[in-house]
S.K.: 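The structure's right below; bear with me while I get my questions together.
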Amino acid sequence: MKEIVVASTNEGKIKEIRAMLNEIGIDVKSIKDVFDEEIEIEENGQTFKDNALIKAQTVCNLIHKPTLADDSGLEVKAMNGAPGIYSARFMGHDTSYDIKNQAIIDAVQGKEREARFVCAMVLCIPNEEPIFIEEYFNGEINDKIEGENGFGYDPIFYVPELGKTSASLTLEEKNQYSHRAKALKKLYQILKEK
């Protein structure tokens, strides 16, 4: 397998996946590279795994090429696991992450700060059973927005063992610890064995 299409338009996500899979000679394309116009995929699953499968299967069926999708998000213990599968849509698609991040900081004030990123990854290969992987990145909600790297909720996701937020990590550091990096490492092993 020399090429995988990622069923995403999220540049941050594609950059992380490309950094990992280029190392093993797999060319990573986004759906912007294979479709002339934007395709709408309704993510109406009940879990991260459901949504990843919907995205991967939809694109794979359209292009008949190996397609990778991940559905990931932040689960905050004090918020009963929210924003969870609604992480991208939390407070509305058009709400900036600065506002979303501050709302989460405010919501956990004086409460349990435990949180985790979840990544459910699905690789659909034409005429084969889908490959499922789920991984986690454990941490806590920081008391302020901090760091210039990463995207989304990275500036408020504090990693105690590293003493900084995910947005303060270099891409190389993040690719050693993050939920997506762990899932990609498992995928890498599976692809090597194929």
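Positions are given from 1, in the same order as the sequence printed here.
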S.K.: Please answer whether the main-chain N or O of L74 pairs with a side-chain N or O of S87 as donor and acceptor at a distance below 3.5 Å.
M.R.: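 Answer holds: yes.
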S.K.: Return the minimal non-hydrogen interatomic distance between F48 and G73, and the atom names on each side.
M.R.: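 For F48 and G73, the tightest heavy-atom pair comes out as CE2-N, 3.5 Å.
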S.K.: Give the minimum heavy-atom separation between K49 and V122, together with the two atoms involved.
M.R.: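 The pair with the smallest heavy-atom distance is O-CG2, 4.3 Å.
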S.K.: Apply side chain to side chain donor-acceptor pair (under 3.5 Å) to E75 and list each qualifying residue two or more places apart in sequence or on a separate chain.
M.R.: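 E75: side chain to side chain donor-acceptor pair (under 3.5 Å) contacts with R116.
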S.K.: Locate the shortest heavy-atom distance separating I14 from S8; write the atom from each residue and the value.
M.R.: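 Of all heavy-atom pairs spanning I14 and S8, the closest is CD1-O, 3.3 Å.
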S.K.: Please list, chain by chain and in numerical order, all residues satisfying salt bridge (charged side-chain N to carboxylate O under 4.0 Å, His left out) with K111, sequence neighbours excluded.
M.R.: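 Once residues adjacent in sequence are excluded, K111 has no partner under the salt bridge (charged side-chain N to carboxylate O under 4.0 Å, His left out) criterion.
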S.K.: Not counting sequence neighbours, list each pair that qualifies as a salt bridge (charged side-chain N to carboxylate O under 4.0 Å, His left out) and has a residue in residues 51-69.
M.R.: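 Residue pairs passing salt bridge (charged side-chain N to carboxylate O under 4.0 Å, His left out), neighbours aside: E3-K65, E43-K55, K55-D71.
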S.K.: Is the backbone of E140 close enough, under 3.5 Å, to the side chain of R113 for a donor and an acceptor to pair up by distance?
M.R.: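 It does not hold such a pair.
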S.K.: Sequence neighbours left out, what passes side chain to side chain donor-acceptor pair (under 3.5 Å) with D50? Give chain and number order.
M.R.: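 D50: side chain to side chain donor-acceptor pair (under 3.5 Å) contacts with T47.
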S.K.: Can you find a pair of side-chain heavy atoms, one from N149 and one from L171, that are under 4.5 Å apart?
M.R.: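 No, every pair of side-chain atoms sits at 4.5 Å or beyond.
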S.K.: Heavy-atom distance under 4.5 Å between the side chains of I54 and E42, does that happen here?
M.R.: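 Counting from C-beta outward, I54 and E42 never come under 4.5 Å.
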S.K.: According to salt bridge (charged side-chain N to carboxylate O under 4.0 Å, His left out), who are the partners of E112, at least two apart in sequence or on a separate chain?
M.R.: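 Once residues adjacent in sequence are excluded, E112 has no partner under the salt bridge (charged side-chain N to carboxylate O under 4.0 Å, His left out) criterion.
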S.K.: List the atom of A78, the atom of V108, and the distance in Å for their closest heavy-atom pair.
M.R.: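 Minimum heavy-atom separation between A78 and V108: CB-CG1, 4.0 Å.
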S.K.: Go through the structure and list residues passing salt bridge (charged side-chain N to carboxylate O under 4.0 Å, His left out) with E114, not counting sequence neighbours.
M.R.: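 If we apply the salt bridge (charged side-chain N to carboxylate O under 4.0 Å, His left out) test to E114, skipping adjacent residues, the hits are K77.
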S.K.: Going by side chain to side chain donor-acceptor pair (under 3.5 Å), name the residues that satisfy it together with K29, two or more places apart in sequence or in a different chain.
M.R.: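 If we apply the side chain to side chain donor-acceptor pair (under 3.5 Å) test to K29, skipping adjacent residues, the hits are D27.
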S.K.: Ignoring hydrogens and angles, tell me if any N or O in the side chain of D33 forms a donor-acceptor pair with the backbone of S30 under 3.5 Å.
M.R.: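 Pair found, side chain donor or acceptor close to backbone of S30.
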S.K.: For residues 89-108, pull every pair meeting side-chain hydrogen bond (donor to acceptor under 3.5 Å, both in side chains), keeping only residues two or more places apart or in separate chains.
M.R.: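 Only Q102-D106 qualify under side-chain hydrogen bond (donor to acceptor under 3.5 Å, both in side chains).
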S.K.: Using the rule that Ile, Leu, Val, Met, Phe, Trp and Tyr join whenever any side-chain heavy atoms are under 4.5 Å apart, tell me whether I17 and V5 fall into a single cluster.
M.R.: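 No, no single cluster joins them.
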S.K.: Do L187 and L68 have side-chain heavy atoms sitting under 4.5 Å apart?
M.R.: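 L187 vs L68: side chains touch.
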S.K.: So do T67 and L62 actually touch side chain to side chain, heavy atoms under 4.5 Å?
M.R.: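 Contact flag for L62/T67 side chains = no.
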S.K.: Distance-only criterion, 3.5 Å: show the donor-acceptor pairs between side-chain atoms of residues 129-139 and protein atoms not counting sequence neighbours.
M.R.:
residue, atom, partner, partner atom, Å
E134, OE2, Y136, OH, 2.6
E135, OE2, K186, NZ, 2.7

S.K.: Do I63 and L123 share a hydrophobic cluster, counting only Ile, Leu, Val, Met, Phe, Trp and Tyr and linking them when any side-chain heavy atoms are less than 4.5 Å apart?
M.R.: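 Hydrophobic grouping puts I63 apart from L123.
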S.K.: Under the rule for salt bridge (charged side-chain N to carboxylate O under 4.0 Å, His left out), what residues qualify as partners of R180, not counting sequence neighbours?
M.R.: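 Salt bridge (charged side-chain N to carboxylate O under 4.0 Å, His left out) list for R180, sorted by chain: E16, D70.
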S.K.: Mind checking side chain to side chain contact (heavy atoms under 4.5 Å, CB included) for A103 and listing every partner two or more places apart, or none if nothing turns up?
M.R.: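 Here the qualifying residues are M91.
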S.K.: Determine which pairs satisfy side-chain hydrogen bond (donor to acceptor under 3.5 Å, both in side chains) with at least one residue from residues 151-169, sequence neighbours left out, and list them in order.
M.R.: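 Checked against side-chain hydrogen bond (donor to acceptor under 3.5 Å, both in side chains) - neighbours excluded - the pairs reaching residues 151-169 are D154-S166, D154-K174, K164-E173, T165-S168.
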